[in-house]
Every structure is written in structure tokens, then in C-alpha cells.
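Just below is one structure, and these are the notes that go with it.
Each ligand, and each atom within it, is numbered from 1 in the order the structure gives. Source: prediction; values computed, not measured.
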Amino acid sequence: MNDIKLLVVDDETDFAEFVAEVAMGMGFDVSLTDNSTKFTTLYTPDTNIIILDLFMPGVDGIELLRFLYNNASKASLIFMSGKDQYVLHSAQKLALEQGISVLGILQKPFRAEELEYVLAKYDRQSAPQAVRKHETPSLDEIRQAIAQNEVYLEYQPQINIADQKVIGVEALLRWTHPTKGEIPPSFFIPIAEENGMISDISEFVTKTAIQQLGIWNSNGHDFRMSINFSPKILDDLDMPEKLAQHATNCGANISKIMVEVTETSLMSDVTQYMDILARLRMKGFRLAIDDFGTGFSSLQQLVRAPFSELKIDQVFVRKMITDKDCRTIVEISILLAHKMGMKVIAEGIQDENIWKLLKNLGCDEGQGFWISKALPAKEVIQWIDNWSSK
Ligand code: C2E
Ligand code: MG
Ligand code: MG
């Protein structure tokens, strides 16, 4: 286990040493600091686990959370604190909302066995291999990736929850770097967005995905295609027209194209995108609000925006069996969407129990590793045939 890097941050030196000893006893590669400002120097992108005291002089745990979020950290967190459970739970929720995984929370003082129990939950299989191998890609590398066809699309199947029939696929961007291997989209899309390169990526994605849908639709495969749109391209007033034209040229059915925009991207001001969103709908495209539950869109914004579908973020779906609050968020999202005349899609269906629960709750559609991971285009039809004959 000494390939797993663990960082302990606690200003109580004795306690920090106790925690480090337990972790070392379990074979982790442990670094330790009782000085919270040292955290950023000890932290590296391949840190796997961070055990953090929420309250320290100088820097608090919440600030460190923000640091991890801004650095797209894949580390799992364990929170500890001598304050009440309520604070620990709030911090856990906050981390969850930012997509940071939390292994557990421990109220001080705790026994070695309690810490061992939480640490034993760390799943090496799900440790972020891809992330370990590389750091954030540079602008030049992204530029080269687009120019040299290192980026491509894969398609994750989506099913109707009630009868498990395949209803569509979501196009997901992939990048195989010649030396660094797979680089996840969450690593390079934000960089491309900040540096004016997202329109090149978007153009590649929409062209490729719609062309592929055109091929499938013309061959009698009547399913739909979801495409992720960066908010940065939602200011091009001609976009709905260009997209419709492209679909027609490719023989793709416009009503089978779903444009996905994330809730967070719409948070700032939905009014500035309303124009484009409304015109997309008027042209017959479907429109989904993605990663619902991770942003803070107001109900008023939701009612005003012309979404046809609401996608519940995978963070809540994945944990809905074991975490009551996640389940509540899923239930409320389903109710809300239905009341507003929208369909609901759950992402992150990782096992059969989640699917069953979603079915009982009346969720319409879903995708997730239990159904299938994203597949290369040439494998999709074969996969659907196998799935349908199960
Ligand atoms: P998203 O649109 O919410 O896409 C779903 C993500 O959840 C995908 O991650 C998918 O592989 C993952 N996923 C699906 N089912 C499961 C599951 O059961 N368990 C787990 N753990 N994960 C599951 P991926 O491909 O890494 O994409 C991450 C995000 O990057 C996407 O989230 C989307 O926001 C963005 N993205 C991907 N492709 C594009 C693109 O072409 N353009 C833009 N603008 N953004 C993209
Ligand atoms: Mg999406
Ligand atoms: Mg999503």
C-alpha cells in the first residue's frame, strides 16, 4: 500500500502524530504537517488521501477545500474535528457539492480502530490512475491535441429506466496524449475555456457527434444524441441556425439532438443565455440542464429557462443508497422536474440497486457504469444489440 500517498494536516502535533502512526501502520506513504500554511507545499496532484482538521489557526479546512477544488484534486478527504458533528456534516456536504470525495468524518478524540475502519474504505481500484500520471496539460499541448487528432468522442448509452430500452447516447470527449495517456475532459476543458480555445473543441465535438448521429439515424437507428455545450459558446447568436443546418446536411433528426448545459454555467445570469436557449428549443432541439444539484440556480431561473430535461448529478445518484441527504436531493429533483413538465435523467447508475430505487422513484431515464461506460462509435450498435437481447 506504500504507493498510496496520504497527507495529515492538524495543528495539534500529538494528535497528528497519532494519526500518522496509525496510517503508517497500515502501509500508507504518510506526510505530516502541524502547520496548515505548509499544506500547499506538501500537497501534490498525486496525493491520494488527505486527513484534515477542520479548525486550525490561520487557515481553515473550508479554505483548503476551495484550494483542492480549484486544483481539480482527485484526493479523498477524511475530516476530523473536536467541534460538533453538525459542522463535520456541513463540511462533508460542501466537499460533495464540489465533487470532492469524502472517505469519512471523525469526531475527535477517536480511537485507532475508528481511523483504520475509515482508511480501509479507500478503494485502490478507483484511485485516479489517469490523474496520477500527469499534471494539468499546457495550452500548447491542448492546441496540438486538436490539430493532430489526439481528441475523439466516445458515446455513453442512456436507457429508459422503466423498460431498460436504449433511448440514446451522450457524446463524451476523450484525449489520448501520446506520452501521458488518457487525460480526462475535466482537466483540459476548463483550460480551453479560459484561453479562447473552447470554440475549436466545440466545433469538433458538434460536427463529429451530429455526423455520427446522421449515420445512425439514416441506418434506421432511431435514438438520440446528447452533446455537452460550454457556456462560452452560448453567446454566438447564429449558433442555433448553424447547428440546425449542420444537422440537416448530415441527415440527423433535430428532435434527436439534446444540448446539455451545466447548472453551474448558468448560475451567473441565465438572462444572457436565454436568447440562444429559446432559439435552440424553437428550432426543435432538446435542452437539458446538466449536473443538476451542484449549482445554485434559483427556481425562478429554472422556470424561465426552456429546458426539456433535467440531469441529476452523478454525485447524488451514486450515493443515494447509503446517504439519506443524497437520496433526498434525487427525490426532490425528480419531483421538481416532473412538476415543471421536464423529463429526468439520472447519471452515475453504478449498480442494480440504484437502478431499482430510481425506478421506484419514477425517474425517467439514466446512464451509468452499470449500464455501460462510454464506447467508441463502432462498438455502439453491437452493444445495443447485446443489451436488447439480455
Ligand atoms: P457530464 O456531461 O456530466 O458527463 C457524465 C460524466 O459522468 C462522464 O465523465 C461519464 O464518464 C461519467 N459517468 C457516467 N456514468 C458514471 C458512473 O456510473 N460512475 C461514475 N463515476 N462516472 C460516470 P467524463 O467523460 O469524464 O466527463 C466529465 C465532464 O466533462 C462531463 O460531465 C462534461 O461536463 C464535460 N465534457 C465531456 N465531454 C465534453 C464536450 O464534448 N464538451 C464540453 N463542453 N464538455 C464536455
Ligand atoms: Mg453531460
Ligand atoms: Mg453531468
Student check: side-chain heavy atoms of Leu172 and Tyr155 closer than 4.5 Å: no
Tabulation required: pairs of a nitrogen or oxygen in ligand 1 and a protein nitrogen or oxygen under 3.5 Å; columns are atom names and distance to 0.1 Å; otherwise 'none'.
residue	atom	partner	partner atom	Å
ligand 1	2 (O)	Glu170	OE2	2.9
ligand 1	2 (O)	Asn228	OD1	2.8
ligand 1	2 (O)	Asp290	OD2	2.8
ligand 1	3 (O)	Asp291	OD1	3.0
ligand 1	3 (O)	Glu347	OE1	3.2
ligand 1	3 (O)	Glu347	OE2	3.2
ligand 1	7 (O)	Gln314	NE2	2.6
ligand 1	15 (N)	Gln156	NE2	3.1
ligand 1	18 (O)	Phe369	N	2.8
ligand 1	19 (N)	Gln350	OE1	2.5
ligand 1	21 (N)	Gln314	OE1	3.4
ligand 1	21 (N)	Gln350	OE1	3.1
ligand 1	22 (N)	Gln314	OE1	3.1
ligand 1	25 (O)	Arg174	NH1	2.8
ligand 1	25 (O)	Arg174	NH2	3.0
ligand 1	38 (N)	Leu173	N	3.1
ligand 1	42 (N)	Asn228	O	3.4

N, O or S atoms of the protein lying under 2.8 Å from the Mg ion (ligand 3): Asp290 OD1, Asp291 OD1, Glu347 OE1, Glu347 OE2
Gln164 versus Asn160, side-chain donor and acceptor atoms under 3.5 Å: no
Cluster overlap Ile167 with Val344, hydrophobic side-chain contacts below 4.5 Å: no
Pair listing, salt bridge (Lys or Arg N to Asp or Glu O under 4.0 Å) test, anchored in residues 350-376, at least two apart: Arg224-Glu365
Note, Phe369 side chain near Ile349 side chain (heavy atom, < 4.5 Å): no
Aromatic plane relationship, Trp387 with Trp383 - under 30° parallel, 30 to 60° tilted, over 60° perpendicular: parallel
Closest Glu170 atom to the Mg ion (ligand 2) [N, O or S only]: OE2
Any side-chain donor near an acceptor of the partner, Ser138 and Asp140, under 3.5 Å: no
Pair Glu193 + Lys232, salt bridge at N-O below 4.0 Å: no
Cation-pi geometry met for Lys5 and Phe28 (6.0 Å, 45°): no
Partner set under side chain to side chain contact (heavy atoms under 4.5 Å, CB included) for Thr13, not counting sequence neighbours: Glu17, Asp34
